[in-house]
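Single-structure report; data block below.
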There are 2 protein chains.
Amino acid sequence: MKLQLHIKMNEALFLRNPESSELGKNILKHSVQLISKTGFEAFTFKKLAEDIGTTEAGIYRYFENKHKLLVYLTAWYWAWLEFQISFHTNNMNDPAEKLKRVIKLLATTVEDDEKTNYIDESLLYQIIIAEGSKAYLTKQVGEDNKQQFFKPYKDLCAVVGTIILACCPNYKYPKSLASTIIEMAHFQNFFMNNLPSLTDFSESKEESEIIAFLNDLVFNSLKNAQ
Amino acid sequence: MKLQLHIKMNEALFLRNPESSELGKNILKHSVQLISKTGFEAFTFKKLAEDIGTTEAGIYRYFENKHKLLVYLTAWYWAWLEFQISFHTNNMNDPAEKLKRVIKLLATTVEDDEKTNYIDESLLYQIIIAEGSKAYLTKQVGEDNKQQFFKPYKDLCAVVGTIILACCPNYKYPKSLASTIIEMAHFQNFFMNNLPSLTDFSESKEESEIIAFLNDLVFNSLKNAQ
DNA sequence: TTTAAAAAGATAGTAATACTATCATAAATA
DNA sequence: TATTTATGATAGTATTACTATCTTTTTAAA
């Protein structure tokens, strides 16, 4: 028996649901491959169409433009990650242990999840690191936010914030600390691999060091707020 | 007497030194205005040329493309900020006070600095917040880094890291904490204004709260490493 | 099983973007 | 005054980011 994980996506993100057809699934699959290969700037619907063996117009029937597609992919990732977190922290009683597990999940390169067949999570993780912030660092962030495009990200942040508060009800900045952990899990990874002098992990290039740094950061903040 | 602050820029960033002519200075001045107005994605050399009253080709004589121009502006900002920091922390003995001052400088909206006539620092600060990471979140980050485009950012990070170590020589992650402070000073500002539920400052929208959060984060980390 | 609706393929076309090239003119400098 | 250098004016190209239309194929309802 194989379990199928399904993430319900915001309908305003697409013109036609990419999960509803083979072509749609191919768009998701190949866009993840192509964006992680060429970067978001050089990524075009024309190249994507060539990769898939369809036409540009075919892609445009699913996504209005490449920005929406990027937002879709990031939203999908955050929703998937929130599920991972709820799955892996289920039945954990100690909130501090829970928080440690969350940090580990955030900062660990994902392996391809068999439960989702058309998205390669390990490539998507690389996209999130290098392109993720471009989903919201735009002039349209306000409108996009109104349409709830960033809800999965905000939900994840809220979940992490709640765990932080469970660890330490007096802590004053649970949401900001949550967004800091999430962003830094990725930025420190990007820096470690691309601008190593911005980190202390340039020699080992080990994710475990990023995790140790984030744990140190978080638990010192919470310890002193007791 | 008026002091003129001059920042020596990496020559590989431009084709012709924009500081060497009126047109060049206009390119800097108007690009800051136009990018902060339209965002980097919608910003084009054509629009910039129209704004200035010159031609597209004229801009291309100074900058190879808009990415180089963005990198130029961010590099300029980091170099300017490093000077601000060294100026405002000069003669401070207590490294903890120094660090607090640095955090304040990082997270406070800049006023236009009279010492530089063609760059509006307050607009540039907004660009750094919303577009700054796009300077390095690209596929060419490795080559750009080889050409030392990010040296001012790395230098600033090193300066902050040194102050952190002066506060607490045992602290294990001075560079990562430095890059975390720098990035979060801007990201928390962006979130506060655009995706407020990712922060704890959505009501007040006060920079002072970001500063308080960062101080809390940093000094709790250092206190426990004594 | 037929029929109609929906999706996909094929092709064309447009406006804008991201450049490069050329030639004339104006300004600075030697 | 001659000459270099910067700017202006104009043109042109390849690519991007779409939109439109028409045909064929697939799917799903009657």
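Atom set for the values below is all heavy atoms of this structure, side chains included, hydrogens, waters and symmetry mates excluded. Within every chain, numbering begins at 1; the chains are lettered A, B, ... in the order of the sequence lines, protein sequences first and strands thereafter.
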Does [X] have any salt bridge (Lys or Arg N to Asp or Glu O under 4.0 Å) partners at least two apart in sequence or in another chain, and if so, which?
X: B/Glu19; result: none
X: B/Lys146; result: none
X: A/Glu11; result: A/Lys8
X: A/Lys151; result: A/Asp155

Which residue pairs pass the side chain to side chain donor-acceptor pair (under 3.5 Å) test with at least one member in residues 44-63 of chain B, sequence neighbours excluded? B/Ser21-B/Tyr62
For DNA chain D, which residues of residues 65-74 of chain A approach it to below 4.0 angstrom with any heavy atom? A/Asn65, A/Lys66
Please list, by residue number, the residues of residues 9-42 of chain B whose heavy atoms come closer than 4.0 Å to an atom of DNA chain D; answer none if no residue qualifies. B/Arg16, B/Ser21, B/Leu23
Residues which pass side-chain hydrogen bond (donor to acceptor under 3.5 Å, both in side chains) with A/Glu209, listed by chain and number, not counting sequence neighbours: A/Ser204
Ignoring backbone atoms, test whether A/Tyr62 places a side-chain nitrogen or oxygen under 4.0 Å from the OP1 or OP2 oxygen of C/dA8. yes
Side-chain atoms of B/Thr55 come closest, of C/dT17, D/dT10, C/dA10, to D/dT10
If we ignore angles and hydrogens, is there a donor and acceptor under 3.5 Å between the side chains of A/Gln188 and A/Thr199? no
With the sugar-phosphate defined as primed atoms, P, OP1 and OP2, and the base as all remaining atoms, what B/S/- string results for nucleotides 20-30 of chain C, 5' to 3', for protein heavy atoms under 4.0 Å? BBB--------
Write down the distance between [atom1] ([X]) and [atom2] ([N]), rounded to a whole number of angstrom.
X: A/Glu50; N: C/dA10; atom1: CD; atom2: P; result: 13 Å
X: A/Ile59; N: C/dA10; atom1: CD1; atom2: P; result: 13 Å
X: A/Phe43; N: D/dC18; atom1: CZ; atom2: P; result: 12 Å

With a 3.5 Å cut-off and sequence neighbours excluded, list the donor-acceptor pairs that the side chains of residues 125-134 of chain B form with protein atoms.
residue	atom	partner	partner atom	Å
B/Tyr125	OH	B/Leu106	O	3.1
B/Glu131	OE1	B/Lys134	NZ	2.5
B/Glu131	OE2	B/Phe40	N	3.3
B/Lys134	NZ	A/Leu137	O	2.6
B/Lys134	NZ	B/Glu41	OE1	3.1
B/Lys134	NZ	B/Glu41	OE2	3.3

List for me each residue that meets ring-ring contact (aromatic ring centres under 6.0 Å, His included) alongside B/Phe149, sequence neighbours excluded, and say none if there are none. none
Run the ring-ring contact (aromatic ring centres under 6.0 Å, His included) test against A/Phe63 and tell me which residues pass, sequence neighbours left out. A/Tyr72
